[in-house]
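Before any comments, here is the structure.
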2 protein chains.
Amino acid sequence: MGRNATREKVFAAAIELIAESGLAATTVDQIAERAGVAKGTVFYNFGSKAGLFSALLEYGVDRLAAALRDAASGRAPLDALEAVVGAELAFIGEHESFARLLIAETWRSGGDWQRAARLIRERAIGVVADVLRDAVAAGDLRADLDTGTAASAVFGMVLTVALDWRTLQPGRSLGDVHATLMDLLRGRLTGP
Amino acid sequence: MGRNATREKVFAAAIELIAESGLAATTVDQIAERAGVAKGTVFYNFGSKAGLFSALLEYGVDRLAAALRDAASGRAPLDALEAVVGAELAFIGEHESFARLLIAETWRSGGDWQRAARLIRERAIGVVADVLRDAVAAGDLRADLDTGTAASAVFGMVLTVALDWRTLQPGRSLGDVHATLMDLLRGRLTGP
DNA sequence: ACTTTTGTACTGACCGGTCAGTGCAAAGAT
DNA sequence: ATCTTTGCACTGACCGGTCAGTACAAAAGT
């Protein structure tokens, strides 16, 4: 069947199940069954349950980071920020389960994968930080901006709003949510 | 000893252990031992491990909601917003792992906790939304602000930054993080 | 041309440890 | 007298991880 195809089938199954019930409550047997694969195959490919989770995070975060980077590339700094926010929204819209998994599991304390999870999150947030840094360098944002914290803030803000959107107002358009977020980011909180 | 006293001892022990190691990694035997109580007593009082956690969640949510409400009460709208953000930061700083647990369960898509967890999020975000609504009513924020989405954004922003703070920059002071967040909220992203 | 070997991907029955939950008789508390 | 707690042995389901073996294709040997 090919190693890649199998790995992706397992990934997809694992993402769905973990987003539903959490990592601890999801058994390897369930994942294998949902993926249409033998239990041994999971261990053959990933070594352990923790290994599967770790690989899964890396896989998803790489795709997310790539989407963000693509959105930013070749744009003027402030346009890039807007595009990155849009790309994050779109990604979550398309991969809702993964987003839930990300927000729920990467914030768990303890465990061996904590460090990996942290690095991964730094990678995704890092793209936002780069965009902010470029904007500061271009003089489009105030020079004393704490780009690290601001990047976390923007990333978390978009993530939370996107999941609220999908859960509570699925009918709303992406563009509408995007516009509200950009308003908040541009400091229009207090009035025009 | 009295039913109430026992329940509270078990409760306190469970909270401590969960704050240390997380939900799945905590066994009933550990909780009983830490509480200085027989294992059977836990089941006598709470029926099951799930029952114990359910009670625990309610306890934590009450404390968070109360902290946010207390912070807001008796303050002018914009001061209240600042105080609520500070209270959320402080709560996460003091009950970090417990906050991780609450948040993790909040974003699950299935399982038994989903409904309770949904209420938790609505209740916590609800306090922020109330504060924003008051501020709009007082003319301190623009009239057409989407307070629901903005409340989600603020809450998620604070949450992400707080957990990044605890994980990546634990040496930083609460006041410093608070100030950066309030700067972002006040729209100082683009310059003074 | 043909066997044989080697490497890779996968399978599923099985094992051993863990842990929620039980049962019960005796002791304490109110 | 009744409710509550204790201590401890016990159960049994569950689950991560293992392992011997299958399938099959592409080299390597003859």
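Order of the sequence lines sets the chain letters (A, B, ...), proteins ahead of strands, with each chain counted from 1. These values consider heavy atoms only, across backbone and side chains, with no hydrogens, waters or symmetry-generated copies.
- In this structure A:Ser97 satisfies the side chain to side chain contact (heavy atoms under 4.5 Å, CB included) test together with A:Ile15, A:Ala19, sequence neighbours excluded.
- Residue B:Thr41 has no polar side-chain atom (N or O) positioned under 4.0 Å from OP1 or OP2 of D:dT4.
- In this structure, A:Asn45 places its CG atom 8 Å from P of C:dA9, rounding to the nearest Å.
- Among pairs with a residue in residues 76-92 of chain B, those fulfilling salt bridge (Lys or Arg N to Asp or Glu O under 4.0 Å) read B:Glu82-B:Arg186, at least two apart in sequence or across chains.
- Between B:Phe46 atom CZ and D:dT5 atom C1' there is a gap of 14 Å when expressed in whole angstrom units.
- A:Glu58 CD to A:Phe11 CZ: the interatomic distance, rounded to the nearest 0.5 Å, is 9.0 Å.
- The C1' atoms of five pairs define one axis at each end of the helix from C:dA1-D:dT30 to C:dT30-D:dA1, and these two axes lie 10° apart (to 10°).
- For the side chain to side chain contact (heavy atoms under 4.5 Å, CB included) test, residues two or more places apart in sequence or in another chain that qualify with A:Phe43 are A:Val28, A:Lys39.
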Quiz item: If the sugar-phosphate is the primed atoms plus P, OP1 and OP2 and the base is the rest, what is the B/S/- string for nucleotides 14-21 of chain D, using protein heavy atoms under 4.0 Å?
Solution: -SBBB---

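- Side-chain heavy atoms closer than 4.5 Å link hydrophobic residues (I, L, V, M, F, W, Y) into clusters, and following such links, possibly through other members, connects A:Ile92 to A:Met182.
- With sequence neighbours excluded, the residues forming a side chain to side chain contact (heavy atoms under 4.5 Å, CB included) with A:Asp130 are A:Arg133, listed by chain and number.
- Between B:Asp62 and B:Arg69 there is no salt bridge, since none of the side-chain N atoms of the basic residue sits less than 4.0 Å from a carboxylate O of the acidic one.
- Dashed line: the shortest gap from a side-chain N or O of B:Tyr44 to OP1 or OP2 of D:dT4 is under 4.0 Å.
- Checked for salt-bridge contact, B:Arg63 and B:Asp70 miss the test: no charged N lies under 4.0 Å from a carboxylate O.
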